[in-house]
Q: 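This is the structure, below, for whatever I ask next.
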Amino acid sequence: MASAGASIATHGRRGERLLDGPARWLLLPAWLALRPAVDLRNHAYDRRWLPIHRLPAPVIGVGNLSLGGTGKTPVVAALIAALRAADRRPMVLSRGYAGDGAANDEARTLDCPVVCDPDRHAAGQRALAAGADTLVLDDGFQHRRLHRDCDLVCIDATRPGILPRDAVFPLGRLREPFTALHRATALVLTRADQIPPRRLAALERRLNRFGLPLLRCHHRPTGLVPLTGPGPSAPPSALAGAPVLLASGLGHPAGFEATARALGMDVRGSERYPDHHAYTEADAHFLAERAREHAATLVVTAKDAVKLAGLPLPGDTRVLQVEAAFAPTDATRLAELCADAVRRAPQPRCAEPGAAESG
């Protein structure tokens with residue numbers, strides 16, 4: 001069980017603390033300027049005043065409506081697996097870290113070629129030239145410039161952000177009003193196992209009002225692997241009852257912490273860093289010292305592991321791996337959505353497998 005006295009420390013997350021407190025009303029002038037701009041931009045695309053470009057291949061988008069982590073990356077991985085099971089050759093189109101075209105942490109965890117470019121149309125052309133026949137647009141629900149044949153929108157069950165009182169940034173966590181879900185093809189309710197059944201039922205009733213297919217998934221731990229060097233994967237329950245220190249740079253670290261506790265880990269502390277945090281040697285020394293203080297094993301996420309590898313961390317540091325697990329009926333529905341998108345879309349001409357290109 002988790003230690004009742006477990007400490008949670010935040011590092012450089014002032015923006016999120018501001019959004020959670022009454023001080024956010026200081027941002028009202030910015031909201032009054034940004035909120036109409038969001039509506040105007042969407043209206044311009046809806047009316048085709050701004051161009052929407054189409055690629056000669058099926059494009060499936062996976063995105064979200066709110067800021068912060070919604071568990072999107074495991075859903076992208078599940079989508080890639082479904083496409084491969086249908087004998088497709090998918091590649092992922094990503095904006096890249098900070099929009100600079102460099103592969104971000106999520107992209108580096110995917111077992112799939114990724115093309116990173118802020119211009120997703122250009123990225124798609126490069127992916128098709130490299131042999132892809134289906135394109136997965138990562139974090140692209142607000143990227144209106146590129147046509148999608150299917151748009152999956154992830155909604156975190158633990159903080160869905162679709163109630164009338166929820167506000168568009170900077171007064172809240174929404175990227176655009178929840179009414180924008182009318183553009184979606186289907187909704188994916190992530191972390192559906194982390195809220196009580198009664199609350200889940202109420203949330204599903206709210207989502208069903210949009211008249212869209214609703215898929216549910218939970219983040220299923222698949223193993224604990226060493227951070228550095230080769231080593232066998234241990235069962236996710238291998239640290240049950242053992243003292244652990246968690247470290248994460250996520251948009252929603254509470255989900256990672258809940259998973260660790262559900263596995264029976266004795267969570268002595270959790271160090272929360274900003275989303276996409278670039279870890280330094282100083283961070284590594286701090287985490288190593290904290291782990292020693294608690295006589296605990298350091299446990300990190302796969303997203304953080306790609307940036308922590310090579311830093312001076314304890315040799316027993318473990319990476320908790322998770323996947324998006326769908327019920328059989330929802331997994332079938334996901335496959336059907338993929339098939340529908342492929343059937344409706346134009347197919348690449350002379351698409352042949354080629355060298356995978358990564359951003």
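Worth knowing before you read on, the calculation uses all heavy atoms, side chains too, and leaves out hydrogens, waters and symmetry mates. Position 1 is the first residue of the sequence; numbering continues from there.
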Q: Any Lys/Arg nitrogen of Glu257 or Arg272 sitting under 4.0 Å from an Asp/Glu carboxylate oxygen of the other?
A: yes
Q: Would the His11 and Phe286 ring centres measure less than 6.0 Å apart?
A: yes
Q: Determine, for Asp139 against Arg120, whether the closest basic-nitrogen to carboxylate-oxygen distance falls under 4.0 angstrom.
A: no
Q: Verify, without hydrogens or angle tests, whether Arg89 (side chain) and Gly131 (backbone) share a donor-acceptor contact under 3.5 angstrom.
A: yes
Q: Starting at NE2 of His294, measure out to CZ of Arg290 and round the result to the nearest 0.5 Å.
A: 3.5 Å
Q: When clusters are formed by joining ILVMFWY residues with side-chain heavy atoms under 4.5 Å apart, either directly or through shared neighbours, do Val153 and Leu200 land in the same one?
A: yes
Q: Does the side chain of Thr185 come within less than 4.5 Å of Ile60's, by heavy atoms?
A: no
Q: So, do Asp304 and Tyr273 sit near enough that their side-chain heavy atoms are less than 4.5 Å apart?
A: no
Q: Verify salt bridge (Lys or Arg N to Asp or Glu O under 4.0 Å) between Lys72 and Asp156, making sure each step is shown before the conclusion.
A: CA-CA 9 Å; Lys72 176 175 56 61; Asp156 185 348; over 6 Å; no
Q: If you apply the rule side chain to side chain contact (heavy atoms under 4.5 Å, CB included), what do you find for Arg159 with Thr70, and how did you get there?
A: CA-CA 9 Å; Arg159 53 175 192 178; Thr70 56; over 6 Å; no
Q: Is it the case that the side chain of Thr317 and the backbone of Leu313 share a donor-acceptor pair, with hydrogens and angles ignored and the cut-off at 3.5 Å?
A: no
Q: Salt bridge or not between Asp266 and Arg268? Use side-chain N to carboxylate O under 4.0 Å.
A: yes
Q: Starting at CG of Leu187, measure out to CD of Glu204 and round the result to the nearest 0.5 Å.
A: 11.0 Å
Q: Taking all non-hydrogen atoms of both residues, which atom of Asp133 and which atom of Asp87 are closest, and how far apart?
A: OD2-O, 4.4 Å
Q: First locate atom CG of Leu152, then atom CG of Leu212, and finally report the distance between them rounded to the nearest 0.5 Å.
A: 11.0 Å
Q: In a check of side-chain contact (heavy atoms from CB on, under 4.5 Å) between Pro348 and each of Leu128, Leu55, Leu135, which one passes?
A: Leu128
Q: For residues Pro90 and Arg84, determine if any side-chain heavy atom of one lies less than 4.5 Å from a side-chain heavy atom of the other.
A: yes
Q: Which heavy-atom pair separates Cys338 from Ala82 by the least distance, and what is that distance?
A: SG-CB, 4.4 Å
Q: In sequence, state the C-alpha distance, the side-chain angles, and the governing distance for Leu246 and Leu320, and then conclude on side chain to side chain contact (heavy atoms under 4.5 Å, CB included).
A: CA-CA 10 Å; Leu246 306 179; Leu320 179 61; over 6 Å; no
Q: Is Leu308 close to Leu227 at the side-chain level, that is, under 4.5 Å between some pair of heavy atoms?
A: yes
Q: Between Arg148 and Asp151, is there a side-chain N and carboxylate O pair less than 4.0 Å apart?
A: yes
Q: Taking the six-membered ring for Trp, are His277 and Tyr279 ring centroids under 6.0 Å apart?
A: yes
Q: Are Leu298 and Val244 packed together at the side-chain level, in the sense that at least one heavy-atom pair is separated by less than 4.5 angstrom?
A: no
Q: Please tell me if the side chains of Leu263 and Leu239 come closer than 4.5 Å, counting only heavy atoms from C-beta onward.
A: no
Q: Please name the pair of heavy atoms, one in Val114 and one in Ser94, separated by the smallest distance, quoted to 0.1 Å.
A: CG1-CB, 4.0 Å
Q: Quick check: does any side chain N or O of His182 sit under 3.5 Å from a backbone N or O of Thr179, one acting as donor and the other as acceptor?
A: yes
Q: Would you confirm whether Thr259, through its side chain, and Gly255, through its main-chain N or O, come within 3.5 Å as a donor-acceptor pair?
A: yes
Q: Look at the side chain of Asp283 and the backbone N and O of Thr280, then say whether any donor-acceptor pair between them is shorter than 3.5 Å.
A: yes
Q: Please report the closest heavy-atom contact between Lys303 and Val306, naming both atoms and the distance.
A: O-CG2, 3.2 Å
Q: Using a strict threshold of under 4.0 Å (side-chain N to carboxylate O), is an ion pair present between Asp46 and Arg144?
A: yes
Q: Working note: Ile80 + Val92, criterion side chain to side chain contact (heavy atoms under 4.5 Å, CB included); need CA distance, chi angles, decisive distance, verdict.
A: CA-CA 9 Å; Ile80 290 167; Val92 175; 3.7 Å; yes
Q: With a 4.0 Å cut-off, would you call Arg145 and Asp119 a salt bridge?
A: yes
Q: Measure from NZ or CZ of Arg183 to the centre of the six-membered ring of Phe141, then state whether that distance is under 6.0 Å and the direction lies within 45° of the axis.
A: yes
Q: Between Asp193 and Arg220, is there a side-chain N and carboxylate O pair less than 4.0 Å apart?
A: no
Q: Is a donor on one side and an acceptor on the other found under 3.5 Å between the side chain of Glu271 and the backbone of Gly269?
A: no
Q: Can you tell me how far the CZ atom of Arg333 sits from the CG atom of Leu215, to the nearest 0.5 Å?
A: 7.5 Å
Q: Look up atom CG in Asn64 and atom CD in Gln142, then write down how far apart they are to the nearest 0.5 Å.
A: 6.5 Å
Q: Between Val300 and Phe256, does the side chain to side chain contact (heavy atoms under 4.5 Å, CB included) criterion hold? Intermediate values first, please.
A: CA-CA 9 Å; Val300 303; Phe256 170 52; 5.5 Å; no
Q: Give a yes or no on whether Val38 and Trp49 share a hydrophobic cluster (residues Ile, Leu, Val, Met, Phe, Trp, Tyr; joining criterion: side-chain heavy atoms under 4.5 Å apart).
A: no
Q: Spell out, as yes or no, whether a donor-acceptor pair under 3.5 Å connects the side chain of Ser237 to the backbone of Ala240.
A: no
Q: Are Leu146 and Ile52 in one and the same hydrophobic cluster, where Ile, Leu, Val, Met, Phe, Trp and Tyr link if side-chain heavy atoms are under 4.5 Å apart?
A: no
Q: Any side-chain heavy atom of Arg54 sitting closer than 4.5 Å to one from Asp149?
A: yes
Q: Looking at every heavy atom in both Pro74 and Val322, which two are closest together, and how far apart are they?
A: CG-CG2, 4.4 Å
Q: Spell out, yes or no, whether Val342 and Leu93 are grouped together once hydrophobic residues are joined by side-chain heavy atoms under 4.5 Å, including indirect joins.
A: no
Q: Evaluate the side-chain proximity of Arg126 to Asp117: yes if any heavy-atom separation is below 4.5 Å, no if none is.
A: yes
Q: What is the distance from atom CZ of Phe178 to atom CD1 of Ile155, rounded to the nearest 0.5 Å?
A: 10.5 Å
Q: Can you list the residues that meet the side-chain contact (heavy atoms from CB on, under 4.5 Å) rule with Ala201, with sequence neighbours excluded?
A: Arg205
Q: Does atom CZ of Arg344 have more than 12 heavy-atom neighbours, drawn from other residues, nucleotides or ligands, at distances under 6.0 Å?
A: yes
Q: Which heavy atom of Thr228 sits nearest a heavy atom of Gly310, and at what distance?
A: CG2-N, 4.3 Å
